Every structure is written in structure tokens, then in C-alpha cells.
Amino acid sequence: MTDTTTFPDPIYQDTVLGPLFDHARSDHAEGFRRIDRAHLVMLERTGILPRDVAATIARALAEIDRQIDPAGLIYTGEVEDYFFLREAELKARVGADVGGRLHTARSRNDIDHTLFKMSLKARIDVLSGQGRALLGALIDTASRERDTLIVAYTHGQPAQPTTFGHYLSAAIEVLIRDLARLEEARAIADQCSMGAAAITTSGFPIDRGMMADLLGFAGAQRNSYGCIAAVDYITATYGAVELLFLHLGRLIQDFQVWSSFEVGQIHVPNSFVQISSIMPQKRNPVPIEHMRHLASQTVGRARMIKDIMHNTPFTDMNDSEGETQAAGYGAFASGGRVLRLLAAFVPALRIDGRKVARTIDQACITITELADTLVRREGLSFRQAHEIAADTARAVTSAGESLASAGYVPFSASFRETMGRDTAMTLDDFVLAVSPAHFVRVRDRFGGPAAAPMDEALSAYHAALAGFETAARAHADRDTAARAALESAFGALMETH
């Protein structure tokens, strides 16, 4: 029986080929243009194509780029995909023989993975830039709030006083590590797949290093099978994206709790507050909710791409290609919105010192320093000191009193009952020991909230940010140089007569 059906089936066209074509023209048209030009230059320089043939192809490619706007293209099914559309346009201008020579020593396999790497690198660069802006905003805010007291929580309960600068510094260090992971993922994507062809490179004397240079890559990926099979550049990228927004989501959630009326530790300015349509008293810090759900969407999109890679064959396969790439790009879009909003939101926050002071006093969260002071000044074991401090806290909180103003009497009584003698600490000594400012000031160890370790930390954060900025400039400079070199070489080909 003879199969008289023609390709493509209308349903296949509507459900697969059309969307893939739209994705290619929207996201990869520039990448196709650069790869065609770079490959042509390489073929001519290696002697695979005569210069006059290469010049004819170059002029035709330039004409295609001038005459055809990818954004206006509509998929008709006349060709299989965007690649074959460009090839058909080239053949229409120079003939099938000459036009078909451009594809010498390459495949859609190495073209596709190179396109995806170019696109991911560009998106990583944008996201990293937004991440650096957030990092700078966090560092500046931590510097401004270095000495601003806040309540630190563990298990959802007030635990110890620290400073807003110290809290933000913890988030800064996580962000630095997250940006480093993004940079590591970029380095994996920065290995060019061109020259792998379908799987095993080519019998032609291609120059893979030249292709990598012309396309702005750090180098050629060594193993040609890996060029078309190893999707770790995808999993590394989306793994880094997932972790970045998973971690930021925790910070955002704290802001949600801290801005609640009952806690009220942070004040969100009116520029980031929406009102209720019915309740006149409401101040809703709605941007926090948007950042939280956008961060969660980003985590979900990034995780989805990793999950798609699971249990796929170790070879070139569609699971890692067009539709998956298009789906993944949404993570960069939603993630970028979070980074931009958070970078504007954090510097606008102010700590409500009255509510912080009230919580510190009512929750007795400086009591740990009282125990530490007893160890240092009275020679007690920490367990003895802990029991006396616990007795004091229970007495104060059950009476609804202030630790600083009403804690000395129950403290003295517990000390006498536990140790069989009176304490040497005076009321002034006690008040100082339970002071939140004193609590922070004596915690001047490496990584602590006191001024000296905070200043050292902030200096280190500025250095880390400067390192990321230097790397970003290097990436941009290499891409700019590669584009200039490619256009110069391509232009010289076009001028050949």
C-alpha cells in the first residue's frame, strides 16, 4: 500500500511545527544569523569553500537579513522549520548548488545546542545584572542599618536581638553564593557546540576554535558527542535559577511576617502599599505577595526544566530543545521581575524602633546575655546561669512586666536560692546586661552583629560585588569583540569580487 499523505500533517503543523517555528523566529533569529555568518567565514578561511563562492553566499545572507523581518514571518508548512526557511531563501537567491554549500560540516544538532547556549548566556547575563543590582541595594541598606536593632526569630518566636544590617548580611552572603552558581552555570554554557555536526565532528578540516571565537564563546566544548548529548548546561542553569529564587523567597516571607500589624517590625512606605476597597484602615504591603508568588513561579518553572531532563536518553533529543527552551525562558522573565522589585523595596523599608524595643523587652530576648554575664562575672557554670536566667524570664513574663525595669528582684531571688549567696551584680549591672545595645556590642566575634565584624563583612561584600562586575564586563567585552570580528570578516567576504 502506497502512503500518499504529505508532510506535514495539519495537526502536527498546528501543535508542533508552528509553535517551534514561532519560538525560533522570536528567540533565536539573531543566533541563526550569527551562526550562519561565522560558519561561512570559517569555511572560507579553512579552504573548505573557495572565496568567490563564500562571497556569493555572504551577499545573499546579507540580503536575506535586510529583506526579511523574522517578526513578520508566519509558519505555512512549506518548510520544516526556521532553519530550512533560511536555507530555502538562500537557495532561491544563489541556486541550490551554491546555497547548499553553507551547510557543509554542520548539522541542526550542533546549531541547535549552540543557539540554546547563546540564548541562555544572554539571559543569564541579564538576570545576573539584576541580581548584582539587588546585591548592591542589600549592601547599601545593610550599611545604613548596621546598628539598627531588630528582633531575630527562631521557630517563629522572638529569640535574640540583632541588627537589621546583620540580618541582611546573612541574605547577602546567600545571594553572593547564588550569583556564583549562576556564573558557574554560565561557564558551562560558554562552551561552543559548533563543529560537533550531528555527533562526531566532520571529515572536513573545520576550525572549532575559530567558530567559538567568532560567536563569543570562551572555547569549544571538547567532546563532540557531549556537544549534542550533555544537557548539563541546561540543568546547571535552571538549578542555579531555582536555588536563587527559592532562597529569596525565604527572605520575602520574613518581610511578610515582619510587616504584619502584630509584629510590625518593619514599616513599608506608602509607595509600596495598597489600600482596601472597603476597609479604610488597611495598609496592604501587596508587593511582598507579588514577590513571593513570582519567586515561587520562577522556582516552579526552573524545576520543571530540570524534571524534563530526567530519564532522557544521553543523546540529541527534542526533550531538551525548542519547546523546552521556550518554556524555560519564562523563569528568567518572572525572576527578573522579582529581582527588580526587591532591589527597590528593601532600601525603602524602615525599622519601627518602638515596636522592636517593646518586643525585645516583653519577650526577654536579651536574657541569654544575662546568663553569659553570670558565667563571666560570677564564675557560674553556664547551666547554673541558664537556670537563674530562665527563672527570671518566667517571673517577668508571667507578671507582664519589663525585664529591664522589673527583672532585678526576681533575678536576685533566684540567684540566692540557686547559689546560696547574694549576687555581686548591682541593679545598674543588671540593666546593662539585659540591654539590647550591649547584647549586640559584646558579640564582636567574626560574623557577629557588632560594629567591627559588620564593617569587615561589608567590605568583603563590596569586594564580591566588584568581582561579579569585573566578570560581567569581561563577558560583555568578549561578546562585543566577537561581534566586531565576525562582522569585519563577513563584510570582507561580501566585498570580494
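Only a predicted model underlies this, so the values are computations on that prediction, with no experimental measurement involved.
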For the backbone of D254 and the side chain of Y153, can you confirm whether one donor and one acceptor N or O come within less than 3.5 Å of each other? no
Can you check side chain to side chain contact (heavy atoms under 4.5 Å, CB included) on Q130 and L127, steps first, answer last? CA-CA 5 Å; Q130 293 164 334; L127 196 72; 3.7 Å; yes
If you measure from the Lys or Arg side-chain nitrogens to the Asp or Glu carboxylate oxygens, is any gap between R101 and D97 under 4.0 Å? yes
Are side-chain heavy atoms of H267 and L349 found at a separation under 4.5 Å? no
Considering only NZ, NE, NH1 and NH2 on the basic side and carboxylate oxygens on the acidic side, decide whether D190 and K121 come within less than 4.0 Å. yes
Compare all side-chain heavy atoms of Y167 with those of V151 and state whether any distance is below 4.5 angstrom. no
For F164, check ring pair (Phe, Tyr, Trp, His ring centres under 6.0 Å) against everything at least two apart and list the hits. none
Would you confirm whether T46, through its side chain, and D207, through its main-chain N or O, come within 3.5 Å as a donor-acceptor pair? no
With side chains defined as the heavy atoms from C-beta onward, is the minimum distance between L214 and M210 less than 4.5 Å? yes
Looking at side-chain heavy atoms only, is the closest gap between H113 and M194 below 4.5 Å? no
Using modelled atom types and a 3.5 Å cut-off, is there a donor and acceptor pairing between side-chain atoms of T201 and backbone atoms of A197? no
Of all residues at least two apart in sequence or in a different chain, which pass the side-chain contact (heavy atoms from CB on, under 4.5 Å) check with A187? none
Heavy-atom nearest pair, T114 first then C192, reads CG2-SG, 4.1 Å
Is it true that atom CZ of R51 has more than 12 heavy atoms of other residues, nucleotides or ligands lying nearer than 6.0 Å? yes
Does R337 CZ have over 12 foreign heavy atoms under 6.0 Å away? no
Nearest heavy atoms of A492 and T496, plus distance in Å: O-OG1, 3.2 Å
Taking side chain as C-beta onward, heavy atoms only, is P70 less than 4.5 Å from Y82? yes
Around R144, counting heavy atoms of other residues, nucleotides and ligands shown, do more than 12 lie under 6.0 Å from its CZ? yes
If the threshold is 4.0 Å, N to carboxylate O, is there a salt bridge linking D125 and R186? yes
Stepwise side chain to side chain contact (heavy atoms under 4.5 Å, CB included) test for R350 and E145: CA-CA 9 Å; R350 292 296 184 271; E145 307 288 349; 4.3 Å; yes
Could you list the residues that satisfy side-chain hydrogen bond (donor to acceptor under 3.5 Å, both in side chains) with K282, not counting sequence neighbours? N284
R34 side chain near L215 side chain, heavy-atom distance below 4.5 Å: yes
Electrostatic pair D36:R106 at N-O distance under 4.0 angstrom: yes
Backbone N or O of I111 within a donor-acceptor pair of the H39 side chain at under 3.5 Å? no
Salt bridge check: are R37 and D65 linked by an N-O gap of less than 4.0 Å? yes
Between T163 and R146 (side chain of the first, backbone of the second, donor and acceptor by atom type, cut-off under 3.5 Å), is there such a pair? yes
Nearest heavy-atom approach of L168 to F255 is CD2-CZ, 4.5 Å
Could you tell me whether F261 atom CZ has more than 12 heavy atoms of other residues or ligands within 6.0 Å of it? no
Closest heavy-atom pair and its distance - A88, V79: CB-CG1, 4.2 Å
Using the rule side-chain hydrogen bond (donor to acceptor under 3.5 Å, both in side chains), only one of H23, R86, R108, R25 pairs with D81; which is it? R108
Extract all donor-acceptor atom pairs below 3.5 Å that involve side chains of residues 169-180 and protein atoms in other chains or at least two apart in sequence.
| residue | atom | partner | partner atom | Å |
| --- | --- | --- | --- | --- |
| S169 | OG | G165 | O | 2.8 |
| E173 | OE2 | Y461 | OH | 2.6 |
| D178 | OD1 | R181 | NE | 3.4 |
| D178 | OD1 | R181 | NH2 | 2.8 |
| D178 | OD1 | H247 | ND1 | 3.1 |
| D178 | OD2 | H247 | ND1 | 2.9 |

Under 6.0 Å between ring centres: does that hold for F83 and H103? yes
Side chains of R93 and Q67: any donor to acceptor distance under 3.5 Å? yes
D110 and R208 ion-paired at < 4.0 Å: no
Apply side-chain hydrogen bond (donor to acceptor under 3.5 Å, both in side chains) to residues Q297 and H293 and explain how you reach the verdict. CA-CA 6 Å; Q297 288 178 29; H293 79 71; 3.0 Å; yes
Roughly how far apart are K306 NZ and T237 OG1, rounded to 0.5 Å? 11.5 Å
Give, for atom CG of L251 and atom CD of Q256, the distance between the pair rounded to the nearest 0.5 Å. 12.5 Å
Would you call V231 and D319 a side-chain contact if the rule is heavy atoms closer than 4.5 Å? no
S224 side chain to I199 main-chain N or O, any donor-acceptor pair under 3.5 Å? yes
Looking at S296 and R292, would you say the former's side chain and the latter's main chain have a donor-acceptor pair under 3.5 Å? yes
Separation between CG of L341 and CD1 of I252, rounded to the nearest 0.5 Å: 8.0 Å
E487/R483 ion pair, N-O < 4.0 Å: no
How close do Y75 and G18 get, heavy atom to heavy atom, and via which atoms? CD2-CA, 3.6 Å
Would S259 and I288 count as a side chain to side chain contact (heavy atoms under 4.5 Å, CB included) if you check the C-alpha gap in whole Å, the side-chain angles of each, and the deciding distance to 0.1 Å? CA-CA 9 Å; S259 64; I288 299 175; 3.7 Å; yes
State, without any angle test, whether R301 and T298 hold a side-chain donor-acceptor pair at a distance under 3.5 Å. no
Is there a donor-acceptor contact under 3.5 Å from the side chain of S202 to the main chain of A105? no
Relative to each other, are the rings of Y329 and H28 parallel, tilted or perpendicular (30° and 60° limits)? perpendicular
Results of side-chain contact (heavy atoms from CB on, under 4.5 Å) for Q274 - residues two or more places apart only: V286
Using the ring of each side chain (for Trp, its six-membered ring), is Y238 parallel, tilted or perpendicular to F332, with breaks at 30° and 60°? perpendicular
I would like to know whether T200 and Y225 meet side chain to side chain contact (heavy atoms under 4.5 Å, CB included); could you show each step before the answer? CA-CA 6 Å; T200 56; Y225 196 104; over 6 Å; no
Between Q191 and R222 (side chain of the first, backbone of the second, donor and acceptor by atom type, cut-off under 3.5 Å), is there such a pair? no
So, S459 side chain and D455 main chain: donor-acceptor pair closer than 3.5 Å or not? no
So do D232 and I188 actually touch side chain to side chain, heavy atoms under 4.5 Å? yes
Heavy-atom closest contact (A137 atom, P347 atom, distance): CB-CG, 3.9 Å
Run the side-chain contact (heavy atoms from CB on, under 4.5 Å) test against T480 and tell me which residues pass, sequence neighbours left out. none
